[in-house]
Amino acid sequence: MMGRTQKADVAIIGGGPAGLAAASEAKAAGADRVLLLERDARVGGILNQQVHDGFGTKVFNEALTGPEYAAIYEDRCNERDVETWLKSTVINVTKDRVLTVQSDSGLATIEASSMIFAMGCRERTRGAIGTPGTRPAGVFTAGAVQNYMNVRNLAVGRKVVILGSGDIGLIMARRMTLEGAEVICVAEILPQPSGIAGNIVRCLEDFNIPLYLSTTVVEIHGKERVTGVTLAQVGPKMGEVYGTRRFIECDTLLLSVGLIPETELSTEVGIATNPVTTGAVVDDSFRTSVPGIFSCGNVLQVHDVVDFATLEAEKAGRAAAMWATTGELPEPTISITPGEGLRYVLPAAISGVDAVDFTMRSWKEEHHKSVVFRSGGEVLRRLKMPHMEPAGMIRVRVGQGRFKKVLDKNITVEVGE
Amino acid sequence: MSDTFDVAIVGGGVVGAAIARELSRYDLKVVLLEKAADVARGTSGKNSGVVHTGINVPTGSVKAKLNVAGAEMFEDLCADLDVPFKRCGKTIVALSEAELPDLESLMARGVANGVRDLEIIDSATLKRMEPNIEGAAALNVPTAAIVCPYSLNIALAESVIENGAEIRLNSPVTAISGTEGSFELTTPGGIISAGLIVNSAGLFSDKVARMTGVHRWRIWPCRGEYLILDKSKGHLINGMVYPVPPKGGAGLGIHITPTTDGNILLGPSADYTNDAEDVRTTGKIRRQLLTEAAEFLPQLSPRDVITAYSGMRPKLVPSKVGGFGDFVIEEVEEAPGVMQLVGIESPGLTASPAIAEQVSAWVRDKIPAQGKADFVSKRTSIPRLRDEPLELREARIQKDGDYGEIVCRCEMVTRKEITESIKNGLGATSLNAIKYRSRATMGRCQGGFCGPRVVDLLIEAGHPPESLTLNGGESWLFMGTTEDLRAERKAERTGAK
Ligand SMILES: Cc1cc2nc3c(=O)[nH]c(=O)nc-3n(C[C@H](O)[C@H](O)[C@H](O)COP(=O)(O)OP(=O)(O)OC[C@H]3O[C@@H](n4cnc5c(N)ncnc54)[C@H](O)[C@@H]3O)c2cc1C
Ligand SMILES: Cc1cc2nc3c(=O)[nH]c(=O)nc-3n(C[C@H](O)[C@H](O)[C@H](O)COP(=O)(O)OP(=O)(O)OC[C@H]3O[C@@H](n4cnc5c(N)ncnc54)[C@H](O)[C@@H]3O)c2cc1C
């Protein structure tokens with residue numbers, strides 16, 4: 001297979017929900033050969049291990065399970081004749097869009113007119129957050145546990161402490177309880193939970209699982225299997241507060257301490273990245289700094305709602321198809337800057353010839369404020385937000401007409417009154 | 001399987017395994033007894049992986065002699081055993097002019113110990129060699145090398161098996177009786193008879209010595225913690241970067257060491273503990289390592305750390321006394337027929353091939369033996385596809401599709417490499433045993449993604465989930481199926497009513 005270079009109009013790396021949506025839209029938008037490359041034995045990405053329902057509420061107005069949601073897009077890809085290669089890992093990508101795929105039938109080289117990065121993300125580990133203590137069995141990341149439990153029906157432990165109160169940690173607290181484990185508590189280093197309020201009720205309060213805020217694991221105990229953890233409170237600068245240590249007996253520590261975009265390939269080709277999201281810098285066509293390479297889904301920014309990943313991927317798919325077939329896309333001429341109150345805003349630049357869905361996250365919880373789009377002194381759009389929290393990605397559509405008033409080729413997006 | 005041997009070796013670290021391999025050259029019946037579920041689980045798997053040159057040890061000591069001799073043998077040994085080895089060189093960096101005299105005395109000692117090509121370089125030369133390192137001057141030690149220590153330990157053990165000696169895992173020796181020619185060693189699997197004993201039990205060599213009636217020594221465990229940095233930062237250094245050794249300290253100071261796999265190690269610290277098995281890592285040392293290493297390497301960021309580990313030095317000198325303690329490699333009068341290896345701390349890895357020759361000579365002096373004509377010195381590792389050129393990879397995949405399927409994405413480990421690791425000659429099946437043979441779960445996601453897949457492959461190979469451990473012993477990965485657990489909970493609830 002090697003040596004024989006194949007051509008594709010659009011090649012998509014990663015067959016999770018983002019890759020599936022991008023592929024089917026690229027095909028629908030007129031790209032001829034659309035190739036979806038997935039290293040796993042099936043498409044669906046992390047949705048395959050998420051058997052709870054809560055997917056699709058934005059796009060389909062109903063709550064589907066992860067695999068159900070993925071199946072809809074998988075069917076679409078099949079109907080539209082997207083060519084899918086499974087167990088095929090992209091091991092190398094060049095700036096001129098030549099990629100190498102490794103699979104059990106050999107190495108293949110593909111020259112793609114457009115390429116979409118949809119590799120998703122990986123979980124932050126114990127090593128990355130530096131949890132001290134011994135190194136026994138029984139310390140797992142949430143994703144690994146989901147995999148063992150939901151896909152393989154294996155129980156990882158009886159008495160569990162969960163570190164991290166993001167939505168994943170909260171959902172796991174409920175899931176593990178339903179699967180017969182005793183979840184002793186969820187500890188969160190921040191003074192507020194990282195997951196959305198609804199999940200605190202549905203996943204913790206309904207099951208009487210305590211949530212300890214400003215608290216972290218300062219020591220893991222046990223030589224062979226975890227025998228317990230020591231929790232302690234942390235101060236405003238994340239330092240341990242003396243005298244607050246307490247030992248909790250458990251056999252499992254589940255870590256749900258954040259996701260990091262899978263950026264190896266992006267770094268290799270030298271794509272410019274945003275230090276806040278660690279994903280690529282993109283314009284409103286989801287173009288990266290390398291011509292013809294697009295990025296969407298969790299590898300671009302960590303999504304808490306899969307529907308938004310899908311919508312963004314569909315747009316990326318259409319743009320990639322247009323680039324592949326015509327070599328043209330509207331040039332981004334207006335730069336976007338995050339202002340007061342926002343950690344980041346995507347995209348980083350827009351063309352102004354189309355409506356844009358901006359995505360962003362706030363620094364802190366805010367009530368009855370607005371998201372304000374400003375250019376020069378002028379307010380382009382002000383959208384009232386009854387509630388904002390860092391855990392919930394904000395998505396705001398701004399119509400094309402508003403961009404006519406842009407001054408100095410720049411828009412600042414901020415939290416205001 | 002007869003349980004009578006010419007020689008029983010207690011401890012399957014790099015020293016015990018090197019000795020077993022030396023002895024497997026001869027027509028001797030040799031058994032190596034290791035208490036853990038795999039070799040390389042003690043100090044030999046948890047050190048800096050440096051093949052030292054001998055500049056750090058006092059001239060005339062046993063350490064100096066065996067260090068220099070061992071280092072000379074290393075490159076050929078690693079080539080024979082297909083073990084990653086790299087002569088990357090080392091710079092010992094003076095942060096200020098004030099440390100210059102220290103460099104000069106190190107150099108003088110190195111020359112006296114027979115170390116070649118030493119040279120003091122100025123800060124400009126250092127900048128050319130190590131553009132990211134800050135320093136006023138340095139001692140350049142070009143012959144220093146790195147090795148993958150656990151791979152060497154595993155390779156030695158596999159070569160031992162290939163050459164007909166026995167290795168028994170999960171076999172702690174709990175008692176020893178008898179005398180030279182007819183010792184009896186108690187293990188959970190039964191009594192083992194041996195004519196001679198080699199005590200290479202590392203941190204527990206004092207305890208094994210006591211089993212033979214020798215009460216002279218006490219091991220003072222001294223922990224060294226490390227941080228491992230992401231491969232994407234591997235380019236920051238070209239060779240090892242050491243500080244001037246702290247005066248009277250228990251180690252060589254916190255150094256920045258490349259690994260043969262392209263990561264960087266920061267460490268080790270030096271803290272005495274009471275428990276030889278207490279290989280925990282701490283927040284305090286993590287901060288200290290990052291701060292001290294940043295003096296040399298300002299670009300360092302806490303974000304680059306992928307994991308931490310600890311190794312334990314088997315020191316013969318307690319912290320209160322301090323200073324130098326030499327290797328003990330002796331047959332003492334209280335226990336004829338037992339070779340005692342005690343206090344084999346750094347540079348024990350480097351010295352291991354030389355120690356093995358010395359112990360082999362001692363054995364053959366007692367039991368005359370013929371060299372085996374069919375001794376196989378070569379051993380090959382499982383191919384690592386990620387390190388091979390694309391053409392070779394393609395050829396392998398065409399022969400066997402399992403080389404095509406990548407299971408561990410961080411380290412690019414294929415299905416074939418993992419299934420071959422599972423079939424290892426030692427019969428080690430813990431998740432860590434597979435990790436140290438294939439590198440699966442060793443990358444930046446630390447098994448979050450491939451852990452469940454490695455588990456699948458273990459199950460496919462006939463190891464049921466309830467038998468799987470992280471590290472052998474009671475380090476169980478699973479507590480039954482989710483169904484079992486739900487049933488347990490239900491029974492508890494109805495029982496409570
Ligand atoms: C525990 C958890 C709970 C969640 N709950 C909800 C919820 O209730 N509701 C909701 O709407 N959303 C939820 N989400 C969010 C949602 O799952 C994500 O937004 C979505 O999965 C992101 O899709 P993706 O395609 O970007 O990434 P992924 O699903 O991670 O897919 C990426 C794919 O790329 C493949 N890949 C990566 N690198 C390569 C390569 N080099 N070569 C080939 N293939 C490669 C991977 O194998 C993977 O299949 C949850 C997420 C998690 C983790
Ligand atoms: C922090 C640190 C850094 C180091 N860096 C270097 C370096 O860079 N270069 C270098 O040359 N050296 C270095 N060393 C030293 C080197 O690692 C050791 O000298 C070497 O690994 C010792 O090997 P060993 O086989 O004697 O001991 P071990 O590897 O500890 O092996 C002893 C084995 O005996 C087994 N055992 C114990 N009791 C029993 C029993 N009763 N029955 C059966 N089995 C038993 C144990 O399970 C263990 O596997 C370092 C050491 C430390 C701690």
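A note on names: the letters A, B, ... follow the listed sequences, proteins ahead of strands, and every chain is numbered from 1. These figures come from a predicted structure and were not determined experimentally.
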- [ ] Tell me, for B:F478 versus chain A, whether the close heavy atoms (under 4.5 Å) come from the side chain, the backbone, both or neither.
- [x] both
TODO: Check each atom of A:E182 against the heavy atoms of chain B and say whether the ones under 4.5 Å are side chain, backbone, both or neither.
DONE: both
Task: chain B contact via A:R126 - which portion, at a heavy-atom distance below 4.5 Å - done: side chain
Task: Portion of B:L385 that has a non-hydrogen atom of chain A nearer than 4.5 angstrom - done: side chain
- [ ] Using a cut-off of under 4.5 Å on heavy-atom pairs, state which of A:R39, A:E262, A:R135, A:E219 scores highest against chain B.
- [x] A:R39
Task: Max heavy-atom pair count under 4.5 Å with chain B, selected residue of A:H221, A:E264, A:E179 - done: A:E179
Task: Interchain contact, B:E474 with chain A, by part (heavy-atom threshold 4.5 Å) - done: both
TODO: Please flag which part of A:A181 lies under 4.5 Å from any non-hydrogen atom of chain B: side chain, backbone, both or neither.
DONE: both
TODO: Could you tell me which of B:D278, B:I306, B:T414, B:T282 has the largest number of non-hydrogen atom pairs under 4.5 Å with chain A?
DONE: B:I306
Open item on the list: Check this for me: does any side-chain nitrogen of one of A:D251 and A:R158 sit under 4.0 Å from a carboxylate oxygen of the other?
Closed with: no
Open item on the list: If I measure from the heavy atoms of chain B, does A:N92 come under 4.5 Å with its side chain, its backbone, both, or neither?
Closed with: neither
Open item on the list: Under a 4.5 Å cutoff for heavy-atom pairs, which residue among A:P132, A:G157, A:P136 has the most contacts with chain B?
Closed with: A:P132
TODO: Could you look at A:R152 and say if it's the side chain, the backbone, both or neither that has a heavy atom under 4.5 Å from chain B?
DONE: side chain
Open item on the list: Which atoms of B:R280 are under 4.5 Å from chain A, going by heavy atoms: the side chain, the backbone, both sets, or neither?
Closed with: both
- [ ] Please state whether the side chain, the backbone, both or neither of A:N147 comes within less than 4.5 Å of a heavy atom of chain B.
- [x] side chain
- [ ] Check each atom of B:R409 against the heavy atoms of chain A and say whether the ones under 4.5 Å are side chain, backbone, both or neither.
- [x] side chain
Task: Residues B:D402 and B:R396 bridged, charged N to O under 4.0 Å - done: no
TODO: Name the region of B:R386, side chain, backbone, both or neither, that has any atom closer than 4.5 Å to a heavy atom of chain A.
DONE: neither
- [ ] Identify whether the distance between the nearest side-chain nitrogen and carboxylate oxygen of A:D40 and A:K87 falls below 4.0 Å.
- [x] no
- [ ] Pick whichever of A:N153, A:T131, A:T141 has the most heavy-atom pairs under 4.5 Å with chain B.
- [x] A:N153
Open item on the list: Counting only non-hydrogen atoms closer than 4.5 Å, does A:T263 touch chain B with its backbone (N, CA, C, O), its side chain (CB onward), both, or neither?
Closed with: neither
Open item on the list: Which one wins on heavy-atom pair count under 4.5 Å against chain B: A:E123, A:E240, A:K223?
Closed with: A:K223
TODO: Against chain A, label B:V407 side chain, backbone, both or neither, depending on which of its atoms sit under 4.5 Å from a heavy atom there.
DONE: neither
TODO: Sort A:T134 into side chain, backbone, both or neither according to what part of it lies under 4.5 angstrom from a heavy atom of chain B.
DONE: both
